[in-house]
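Quick notes on the structure that follows.
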There are 2 protein chains.
Amino acid sequence: MTQINLASMSALGQAKARQTSHDALFDCPELHGVPMPFRRNAEIYGEGEPADYVYKVLSGSVRSYKVLGDGRRQIIGFHLPGDILGLDCEAEHSCSAEAIADCQVLLVRRTTLLNVAEHDIDVARSLWTSTALHLKRAHEHSLLLIKSAQERLAAFLLDIAHRLSVKNEVDLPMSRQDIADYLGLTIETVSRTFTQLSEASVIEFLASRRILVRNPAMLAEMNG
Amino acid sequence: MTQINLASMSALGQAKARQTSHDALFDCPELHGVPMPFRRNAEIYGEGEPADYVYKVLSGSVRSYKVLGDGRRQIIGFHLPGDILGLDCEAEHSCSAEAIADCQVLLVRRTTLLNVAEHDIDVARSLWTSTALHLKRAHEHSLLLIKSAQERLAAFLLDIAHRLSVKNEVDLPMSRQDIADYLGLTIETVSRTFTQLSEASVIEFLASRRILVRNPAMLAEMNG
DNA sequence: CGTCTTCTTGAGCCACTTCAAGGTAAGTGG
DNA sequence: CCACTTACCTTGAAGTGGCTCAAGAAGACG
């Protein structure tokens, strides 16, 4: 019987996810899925489009987001290898998704997944736990959006570092604009706050998207 | 076979929910649950506590929220009659819940619900759709938090009016402080913005918590 | 090398917050 | 019925954190 691996979907467990990538949702033989490449900035799906597929990131990274009429954009989350996206319960996607960099994504037909879930209790359970975990993350994101700019960036750095740092070094896949739209700030404020953290020796810039976390404890303290 | 009623859980379908209240989650005979009363401001469950029960509001209203170390509070959502809460996938609740006014809440043991879901595909499906709908609302809430104060209040009023207005009249169950903490604003800003909407004849105050929506179209336009 | 994109920095401004005071409504006891 | 209390809401004035506008620096790439 396939073991559900909660860690594979938790915000703090991504690194492990790539090693022990086993969750019933995509490991079930009936749900092998089709790998598909997406180019940088290519749309994977759009808000309001039929939600025919569920996706799993194999390599690269993906952003999911919603936009307002005047173009303001809120990035809902960043999806790294091992992450699942597109799990809407309605017939249409409630947000859009784009490739941040060239990436490989596994596609499974939604109807297939739901049919399998009708018989395979592991898949059904995994479907629910995955969605519930996304819900938990969404609630944490809401909490983030009432914090100060410094607190938001600290929270972001802690999260992303847990997910893909190697020896406290992080290679950010996303632009400053993406970070700004995720944190509900402007690109200028993100840049300035990065500079402050750097001046306080909490982090160090090896390159504009390559960060060394010098003082994780201080980051955690800033997070509130 | 029990029909899942998506509308019973949608933000826009609460009024209907109270009439046609049928969803597999609590209508299954094995899951009749225990009604329990809660006094105004009483805690229903706290963040980090064991998530032993799942709840359904029968009467009154409930707020669920998260707090930061220094006391800042983000209200995740308001739960009105027919709404379900406490559907966490982990062993502990990821947010707290309190009664806004005296209320009656139905309790079902989490383990019972999960056990039933193992056999009853309708319950399993309902468990997922309910969680996915909460997820959708959480994403909409994130989008709300990047808007201006006027837009936030307009969005709030439209939502609450859809959920519990009778002939464009709404009786707000929650205080200004609750509204402020839901919208990520201060109580003063909420009050001032209410006054603006009133002066613009978009709404009219019959009492401080009793609102007549004069111009829903204008509200929708303000929402962005 | 030039061009394009991305990122940083500065200066001024504004929406919302903070701080402070007063008003309103409901309940309580004399 | 009125004085008093308490909780909640509104309004004003001043302050500020992040935004806007503007310019330039640093990379990426052909």
Side-chain angles (χ1 to χ4, degrees), chain A residues 39-41 63 68 70-74 100-102 144-157 170-200 203-211 222 224, chain B residues 39-41 63 68 70-74 98-102 144-157 170-200 203-211 222 224:
Chain A
R39 289 235 165 274
R40 192 171 110 96
N41 293 329
R63 58 179 170 253
L68 291 174
D70 62 0
R72 277 172 291 177
R73 181 180 67 157
Q74 172 65 238
I100 290 177
D102 293 358
L144 184 150
L145 294 175
I146 65 166
K147 296 182 183 182
S148 72
Q150 252 200 16
E151 292 169 327
R152 292 185 206 195
L153 205 60
F156 167 75
L157 284 172
V170 189
D171 232 325
L172 297 175
M174 72 290 284
S175 69
R176 296 290 190 268
Q177 187 65 63
D178 284 340
I179 298 172
D181 288 349
Y182 177 68
L183 299 179
L185 299 169
T186 58
I187 183 177
E188 294 95 333
T189 299
V190 169
S191 185
R192 273 186 260 268
T193 308
F194 265 137
T195 303
Q196 286 168 26
L197 291 179
S198 175
E199 283 168 350
I203 59 172
E204 180 182 336
F205 278 99
L206 308 175
S208 85
R209 292 195 185 185
R210 184 151 191 85
I211 295 175
M222 283 176 159
Chain B
R39 291 235 165 272
R40 192 172 110 95
N41 293 328
R63 59 179 169 254
L68 291 173
D70 62 0
R72 277 173 290 176
R73 182 180 67 158
Q74 173 64 238
E98 285 173 356
I100 290 176
D102 292 357
L144 184 150
L145 293 175
I146 66 165
K147 296 182 182 181
S148 72
Q150 250 198 21
E151 291 168 328
R152 293 186 207 195
L153 206 59
F156 167 74
L157 284 172
V170 190
D171 232 326
L172 297 175
M174 71 292 282
S175 69
R176 297 290 190 270
Q177 187 64 63
D178 284 340
I179 298 172
D181 289 350
Y182 178 68
L183 299 179
L185 300 170
T186 59
I187 185 176
E188 294 95 332
T189 300
V190 169
S191 185
R192 275 186 258 267
T193 310
F194 265 137
T195 303
Q196 287 169 26
L197 292 180
S198 175
E199 282 169 351
I203 60 173
E204 180 183 335
F205 279 99
L206 309 175
S208 85
R209 292 195 186 183
R210 183 149 192 85
I211 295 175
M222 283 176 158

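Order of the sequence lines fixes the chain letters, A, B, ..., with proteins taken first and strands second; residue numbering starts at 1 for each chain.
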Whole-Å gap separating [atom2] ([N]) and [atom1] ([X]):
X	N	atom1	atom2	result
Arg209(A)	dC7(C)	CZ	P	5 Å
Asn41(A)	dT5(C)	CG	P	12 Å
Asp70(A)	dT20(D)	CG	P	11 Å
Phe205(B)	dT24(C)	CZ	P	15 Å
Leu153(A)	dG18(D)	CG	C1'	14 Å
Gln150(A)	dT16(D)	CD	C1'	15 Å
Ile146(B)	dC16(C)	CD1	P	13 Å

Close side-chain approach of [X] to [Y], heavy-atom, < 4.5 Å:
X	Y	answer
Gln74(A)	Leu145(B)	no
Ile211(A)	Glu204(A)	no
Phe194(A)	Ile179(A)	yes

Proximity to DNA chain D (any heavy atom under 4.0 Å), residues of residues 172-180 of chain B only: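 Ser175(B), Arg176(B), in order of number.
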
Sequence-distant partners of Arg73(A), side-chain hydrogen bond (donor to acceptor under 3.5 Å, both in side chains), two or more places apart: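 By the side-chain hydrogen bond (donor to acceptor under 3.5 Å, both in side chains) rule, Arg73(A) matches Asp178(A), Asp181(A).
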
Residues in side-chain hydrogen bond (donor to acceptor under 3.5 Å, both in side chains) contact with Arg210(B), at least two apart in sequence or another chain: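 With neighbours one apart ignored, the set is Glu169(B), Asp171(B).
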
Lys/Arg N to Asp/Glu carboxylate O, Arg40(B) vs Asp102(B), below 4.0 Å: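 Between Asp102(B) and Arg40(B) there is no salt bridge, as every charged N stays at least 4.0 Å from the carboxylate O atoms.
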
dT11(D) phosphate, OP1 or OP2, under 4.0 Å from Thr195(B) side-chain N/O: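 So the side-chain polar atoms of Thr195(B) do come within 4.0 Å of the phosphate oxygens OP1 or OP2 of dT11(D), strictly under.
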
Thr189(B) and Thr186(B): side chain donor to acceptor below 3.5 Å: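 There is such a pair (donor and acceptor under 3.5 Å, judged by atom type) between the side chains of Thr189(B) and Thr186(B).
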
Side-chain H-bond candidate by donor/acceptor type, Thr193(A) with Gln196(A), under 3.5 Å: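 No, Gln196(A) and Thr193(A) have no side-chain donor paired with an acceptor closer than 3.5 Å.
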
Residues, nucleotides or ligands: over 12 heavy atoms within 6.0 Å of Arg209(B) CZ: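 Atom CZ in Arg209(B) is packed in, count exceeds 12.
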
Summary of salt bridge (Lys or Arg N to Asp or Glu O under 4.0 Å) pairs that have at least one residue in residues 183-199 of chain A, sequence neighbours excluded: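 Checked against salt bridge (Lys or Arg N to Asp or Glu O under 4.0 Å) - neighbours excluded - no pair reaches residues 183-199 of chain A.
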
Contacting residues from residues 186-193 of chain B, given that a heavy atom lies under 4.0 angstrom of DNA chain C: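 DNA chain C contact set from residues 186-193 of chain B: Thr186(B), Glu188(B), Thr189(B), Arg192(B).
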
Touch class at under 4.0 angstrom, heavy-atom based, for Arg152(A) against every strand present: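 Counting heavy atoms under 4.0 Å across all strands, no contact is made by Arg152(A).
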
Sugar-phosphate only, base, or nothing, as touched by Arg40(A) at under 4.0 Å among non-hydrogen atoms: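 Contact class for Arg40(A): sugar-phosphate only.
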
Angle by which the axis turns from one end of the helix from dC1(C)-dG30(D) to dG30(C)-dC1(D) to the other, five pairs per end, to 10 degrees: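 Computed angle between terminal axes is 30°.
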
Whichever of Lys147(A) and Ala207(A) has its nearest DNA chain D nucleotide further upstream toward 5':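 First, find each residue's nearest nucleotide; the 5'-ward one identifies Lys147(A).
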
Met222(A) versus Ala154(A), closest heavy-atom pair with distance: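 Taking Met222(A) first and Ala154(A) second, the nearest heavy atoms are CB-CB, 3.8 Å.
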
